[in-house]
Amino acid sequence: MSKKGKIEDIFRDEFKDFSLEPSDKVWDGIENQISGMRLEHLYQEKFRGFKMSVADHVWRRIATALWFNKFLHFSPFSFNIYYAGLIITTIVGSIIFFNNTEFKFFNFDGGREILINDNSQIQNNDIPALNNLTEDTQITISSDNKENDNSVSINKITLIGENSKTSPIHITTIVFTKNTNNEISEIVENQINNNLFITKYNANTQTGEIQTYSKIPHFLNLNKPLYLRYPELKISNDSLLNNFIVNYEIKRDTIGYDFGGVPIVEDKSFVRFSIFYDYYINNKYRFKLNNPELQNEFKTLSENLKDNNSFGFGLGIDYFYRRFYINSGISYFTNRQKINFEKVETEINTITEFQYFDNSVWIYDTVWFLDLDEYLNGNIVYIPHVDSTNFVFKDSISIAIKDTVLKNLNYSAENSMSYIEIPVVFGYSFKTGKLEIIPKAGIIGGLLTGKKGNFYDLYSDEILPIAEIPYREFNLDYYFSLNLNYSFTKKFGIYVEPYFRDNFINSFNGNYALDLRSMRYGLRTGISYKL
Amino acid sequence: MQDLNEIIAGCRKMDKRAQRCLYERYASLFMGIAYRYSKSRQDAEDILQEAFVKILTRIDQYSETGSFEGWMKKILVNTAISHYRNSLKHDFHKDFDSIQETQILDGDYEIDNEEFTREELLRSINMLPPGFKIIFNLYAIEGFKHREIAEMLNISVGTSKSQYSRARALLQEKLTELKKIARNE
């Protein structure tokens, strides 16, 4: 039977016993979750009264909370097993990559590249005395053996710095053999330390040929000095010890020395700082509506939101290894938006009008006539005669009229949001003379530090203070660019960097009706300083 | 195992058979409730699963003084609310506060109980913004007082009342639209 009811009553009646069959996987899910607890319950029952130390209990709770609840679940904002895996993989991969078993040697003389396995070279050196040397051994030059007929062995250890434990140690063994004419027939020099290099040459005569190989310093030990020994051509018994060994320090950019003792320099690895300014040439927004009921408001916003000279500036730090490049730093980015639009709104006005019309009124009057018949009889009697006159006159009434007017209302809002940003960008350097071209790619993470101004809110269809708009507190962009750096001097350079960056994530919190991402083209200009 | 007390006792001992019995007895009813609070059937099943896990693991906390079904329903509703909270992350309050102003219609809106089908009523509830939907469900269907709703959602009583009025007005609008469509057809 049909009956009228309050909205609440109707809904309550309809849904009081409303049921819906869940799928089988619900129970499977419940079963999965509680089976462990069932077991725990069983143990609890069996071990009722069993005491557990407070420390154990606390530790178990913490471990459970940290490890299982958080650590195993991926979240971009907390340290978890995925990040841990990434870090471990990166570290182990780097160690393996940079500690490969082959050392690279260059022959400066002939320009040939020779690969020598370090272990095999060491093992092939028939210098057992080396193995017995310790870091504490003082400088000893065993010139006593110099007078031997067939061979002389000189062991030399150079300790650099006061603390031999932390300083590079050079162990040089010079073995030379005299021939029957008391001439040096062979000299082998081996230098062994953490940064192994071997200088080896044969000299059949005092002016014998010299081959010099030096190792490109190890990536991980670039900050440590490395010494290269350069043998001079003059070899004689008297001058051997004085002239044979010359130490040259190899600094960051020195990969060796030529025979004249001139350092061979290459930008192998270095650090460069820069300050820069970002100007956004073009900012295109990408919009997506999450709430289909707000189509009209969405259209208004998407057609009218514009960038309002967003800019950024910051400090960059670049690390170059060979031609590879990694960049980070810190920057301040201000995202400025503006929106202007007109909205047609209906204004309802009430106006009062006087309406005129003809009105009439009957006016009655009474005329008294003397009754002549009665008068003749001596009586004075007046007979009343009622007469009426119709008066017509203009009348008016006041009428309230509702009127509507279509009005164009101007809406405008401007806002700015400030972010502190940290990039992680990789690149590869192509260098010709003073010009360097680096294609780059990476990501930029940003943290919202301030917001001011107004924004057009889809829900209320009004301009609201930006504090009421649920902007996301962080931002993540991917970044592509082409860096063109011109070095004026060895240290200073200027660069321009056209770039493209795009939002990975929505600018608003997920529950907001709008998904807004910006795609920017811009130009970065800066000054660089190479350490 | 038919007797509810027996089932409860079995569940306290984590007896699998008793737990299954309890689930089978209430699953479809609770699924109906969960569905009213969620965006989709999948969401409703997630809420149902989470609520049942809570019920089965916290059954020791049931004091046996009130209705067992009521106790379970409260867990279910709270689970639905926290599910909604999680989906909004930190903007839970903002959602309740920032829902657009809607014209509040005064007076009772009366409808014929045979005018709309259950599916139509359900669809009209589901068309409400999530915050409105929760408050409407809690007040109109579950029968909670505004004070209780305010406590559950951690909002003020005034907010609960005003949001309910707006939800109701929106619902009226939806039903009127439905009625117009039905007439035109």
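All values below were derived from every heavy atom in this structure, side-chain atoms included, with hydrogens, water molecules and symmetry-related copies excluded. In this text the structure is predicted, and so the values were computed from the model without any measurement. Residue numbering restarts at 1 for every chain, and letters A, B, ... go by the order of the sequence lines.
- B/L175 and B/S124 make their closest contact through CD2-OG, 4.0 Å (heavy atoms, listed as atom of the first residue, atom of the second, distance).
- Looking at B/E50, its side chain never comes within 3.5 Å of a backbone N or O of B/I47 through a donor-acceptor pair.
- In this structure a side-chain-to-backbone donor-acceptor pair under 3.5 Å is present from B/S165 to B/K161.
- When heavy atoms are compared at a cutoff of 4.5 Å, B/R41 approaches chain A solely by way of its side chain, counted from C-beta outward.
- Exactly one of B/V157, B/T159, B/I155 qualifies for a side-chain contact (heavy atoms from CB on, under 4.5 Å) with B/H146. That residue is B/V157.
- Using a 4.5 Å cut-off between heavy atoms, A/Q33 touches chain B through its side chain atoms alone.
- Using a 4.5 Å cut-off between non-hydrogen atoms, the part of residues 51-58 of chain B that approaches chain A consists of B/F52, B/V53, B/L56, B/T57.
- Counting only distance, with no hydrogens or angles, the side chain of A/N290 and the backbone of A/Y512 share a donor-acceptor pair below 3.5 Å.
- Annotation for B/A27 and A/P22: closest pair CB-CG, 3.9 Å, computed over non-hydrogen atoms.
- B/Y37 and B/Y84 have their aromatic ring centers separated by at least 6.0 angstrom.
- In this structure, chain A has a heavy atom under 4.5 Å from the side chain of B/Y164, while its backbone stays farther away.
- Shown are B/N137, B/I135, B/L170; of these, the side-chain contact (heavy atoms from CB on, under 4.5 Å) with B/L128 is made only by B/L170.
- Counting heavy-atom pairs closer than 4.5 Å to chain A, the top residue among B/Q19, B/R36, B/E142 is B/Q19.
- With a threshold of 4.5 angstrom between heavy atoms, A/E31 approaches chain B through side-chain atoms but not through N, CA, C or O.
- Residue B/E24 does not touch chain A at all, counting heavy-atom pairs closer than 4.5 Å.
- For chain A, the nearby parts of B/L122 are the backbone and the side chain; heavy atoms of each come within less than 4.5 Å.
- Put simply, of B/F136, B/F30, B/Y139, the one with the most heavy-atom pairs under 4.5 Å next to chain A is B/F136.
- Closest approach of A/L301 to A/F455, counting heavy atoms only: CD1-CZ, 3.8 Å.
- Atom CD1 of B/I149 and atom CG of B/L138 lie 5.0 Å apart (nearest 0.5 Å).
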